[in-house]
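We use all heavy atoms of the structure for the numbers below, so side chains are in, but hydrogens, waters and symmetry mates are not. In the text below, chain A, chain B and the rest are named by the order of the sequence lines, each starting its count at 1.
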Amino acid sequence: MSDFYTSSSGIDLSAPTISIPGQKITWAGEGLQSDRFLFGTDNGLILECGIDGSRQNLHSVRVGNDDEAINSIAFYFDETTLHLAASTRTDIILNSFFMNEPRRTIWHAGFGAHGIKRTHSHWFIAPAGPSGVVAVKPGRGRKVDDRHFPPIEHAQYFCDYTTLGIDLATGLEVSVFACRTDGLAFFYVEPNAALKPIRFSKVGTKIIDFISVTSIQTATHPLAWMGLGKGKTLHFMQNPLHIEVIETIDLSFVPGTPYKVLRYGPHGILLTSKGVCIVLDAVSQYHRGEFKSGKRTVRFIETEAIDINIAFNKWLLVVIPKGIVRMDLAEVLHVVDIPEAIKRRMNMDVGVLWKTEEERVPVQQPVWSEIELKDKMLVGVG
Amino acid sequence: MSRRSKRMHPKNKPSTKPPKRDHRIHPVKTLRGRTLKFTDKHHHCGKSDHGCWRKSITRDIEFSLFQDAETGDYSDDDGNLYNVHKKGEEFIEIGTRHELLAIFWNPKSPVEWHGHPIWPIKTKDPLNRKNEEYKPSKAVMQRMVKQGRISERDADRMRRGEHT
């Protein structure tokens, strides 16, 4: 059963909530303070503004010397310095803002990455496609500790990265990379040695083309992850350090080519070429062991988005060619009853359509039920 | 002069057979008279790092991508051509490592063109044409959008180095 109806929350994903005159935004995320967003532009600028779009251009910083589109930004503060890293398709750049001094680009890679994220131990880590993995950590003064981990297997392609929680046995942080056709790569993040490969995994005999991965950690399962396959399959696992069952749900009924997966509380959020899909309660059901064959409800909001990110565990920032659409996720998820007046607008050009899909979740097949872990080094230290 | 002297030695007779075809060159020329060469480097890659066409991308498909790029003028300042392979609205991977975008290098002389899939991001050790500016430029993307080959969103994602 499927039904189309409009959102009563007034969200319109065809019109931006925030736009910056003269700038094309290509990345959006949390700002330096809880009432700010950070934006990356298609000409290499970083902008900050209030969550309502006001006070724009508070910071206007060109990341590097070129004018490539920013695809990710990560940062942290230490006592005296703001460390801010950004990635584009041609470079990975680390800037530091020392107190009372102008910005300095203190390091750059000279090659591109698909994104950059910060670990708990203050490493900036970037999945650099066929170049492998880059890890960089600002040191005292203007020193930088940088590591490059090239792939040691042909055709490995690092396309997404996320940091998981702390492994209770070793006390080390665990990271995971999505490696396209080759599966997932797990690493320890050691405070002084960057990345230490743990294992490289494929799921049974099935090759899964992972394109995105995110943490779904809980207090009892700090290393749990959720990964998105190119075939619109969503995979879940609680502890990647031990051989364990991986569970899969099939979302092939969701329109479009899948791009990215995020977690918002108990829900999974997918970005596809056709829209944003909220898979209701997917994460909580998985942790409760309630994945069963049966009907599943998703909410689908049609849009042609470039990227999505969640800011301050409240806002879903949808980057569209004209700007940013800011959605209050709590408000979106509480839309239950659709007023008749809005239903009658179905045939009008209202911009946003919600689609409720109910599809069968496939029963776990034996081939999907185990993860084959290959205990071999994934990468060599460059 | 005797009759015999006019006879041509069999070895020197012009052959009546058609010239042997070079299978590395597509038999059809583009509307602008350009020819496309299929190099081993980009077609029979083993573990090399060169961008390599998938086996499902036949030589005719590769040629049509080249020809369509020429027709649509999806070119950069150096005259190199670019194209994507689509089925309806969906992009089809053309390279053995999930590449979506093809480049056809301008030979800048009257020799055959050749093309191959390119990475969406600049790699640590550029595989081809070292030290050249990363391709494709914004201008190429804008031209493809203007011609309706890709959407504005697709162009934005490609500029970010994303697989669309």
Side-chain angles (χ1 to χ4, degrees), chain A residues 24-27 40 42-43 66-72 87-92 109-115 126-132 134 148 150-151 153-160 180-182 209 211 230 255-260 273-274 303-307 319-322 382, chain B residues 45-52 54 84-93 95-101 116-128 130-142 144-146 150-164:
Chain A
K24 191 177 190 72
I25 299 168
T26 51
W27 182 89
D42 77 332
N43 56 359
D66 56 11
D67 62 350
E68 290 288 343
I70 289 175
N71 61 30
S72 189
S87 59
T88 71
R89 66 175 178 166
T90 61
D91 215 344
I92 307 162
F111 53 96
H114 288 290
S131 302
V134 173
H148 174 229
E153 283 193 355
H154 179 64
Q156 279 175 345
Y157 194 100
F158 293 79
C159 66
D160 195 19
R180 294 303 308 259
T181 310
D182 297 313
D209 192 359
I211 55 171
K230 186 83 175 175
T257 305
Y259 290 158
K260 188 173 186 176
S273 58
K274 299 285 185 185
T303 183
E304 277 215 349
I306 301 161
D307 191 23
V319 184
I320 60 174
K322 292 175 186 170
Chain B
C45 307
K47 292 195 171 182
S48 96
D49 284 333
H50 299 292
C52 193
R54 285 189 169 215
V84 289
H85 187 32
K86 291 175 80 176
K87 187 179 179 182
E89 290 184 6
E90 193 181 341
F91 288 86
I92 309 294
E93 291 180 355
T96 52
R97 281 186 266 183
H98 311 290
E99 299 97 321
L100 295 174
L101 193 71
H116 59 86
I118 52 172
W119 301 117
I121 59 175
K122 185 179 174 184
T123 54
K124 184 169 186 289
D125 302 308
L127 305 178
N128 286 290
K130 279 192 175 180
N131 301 322
E132 277 212 30
E133 187 188 339
Y134 192 70
K135 315 284 183 180
S137 63
K138 283 183 187 176
V140 177
M141 293 281 128
Q142 282 165 358
M144 292 174 100
V145 172
K146 203 172 176 183
I150 57 175
S151 70
E152 195 179 351
R153 188 273 312 275
D154 296 333
D156 289 340
R157 282 183 61 82
M158 282 185 175
R159 277 186 214 134
R160 283 167 44 108
E162 304 283 351
H163 293 277
T164 54

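Taking both residues in full, the closest heavy atoms of E304(A) and S151(B) are given as OE1-OG, 3.7 Å, listed atom of the first, atom of the second, then distance. Residues S131(A) and T123(B) share a closest heavy-atom pair of OG-CA, 3.4 Å. In plain terms, the two heavy atoms of G161(B) and H114(A) that are nearest each other are O-CE1, 2.8 Å.
Ring geometry for Y157(A) versus W119(B): interplanar angle of 30 to 60°, hence tilted.
Between K124(B) and P150(A), every side-chain heavy-atom pair lies at or beyond the 4.5 Å cut-off. Taking the side chain as every heavy atom from C-beta outward, E89(B) and K274(A) approach each other to under 4.5 Å.
With rounding to the nearest 0.5 Å, the separation of NZ in K138(B) from NZ in K24(A) is 10.0 Å. One finds the CD1 atom of I306(A) at 13.0 Å from the CE atom of M158(B) (value rounded to the nearest 0.5 Å). Taking OG1 of T88(A) as the start and NZ of K122(B) as the end, the distance is 9.0 Å to the nearest 0.5 Å. A distance of 11.0 Å separates CD1 in I25(A) from CG in D156(B), rounded to the nearest 0.5 Å. A distance of 7.5 Å separates CD1 of I92(A) from CD1 of I121(B), quoted to the nearest 0.5 Å.
Looking at R180(A) and E93(B), a side-chain N of the basic residue comes within less than 4.0 Å of a carboxylate O on the acidic one, giving a salt bridge. Ion pairing between K260(A) and E162(B) fails under the 4.0 Å rule for side-chain N and carboxylate O.
No other option in G129(A), A113(A), G256(A) has as many heavy-atom pairs under 4.5 Å with chain B as A113(A).
In this structure, E90(B) places its CD atom where only 12 or fewer heavy-atom neighbours from other residues, nucleotides or ligands lie under 6.0 Å away. Atom NZ of K146(B) is surrounded by 12 or fewer heavy atoms from other residues, nucleotides or ligands within 6.0 Å.
Under the 3.5 Å distance criterion, the side-chain polar atoms of R160(B) are matched with a main-chain donor or acceptor of T26(A).
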Would S273(A) and R153(B) count as a side chain to side chain contact (heavy atoms under 4.5 Å, CB included) here? Give the steps. CA-CA 9 Å; S273(A) 58; R153(B) 188 273 312 275; 3.5 Å; yes

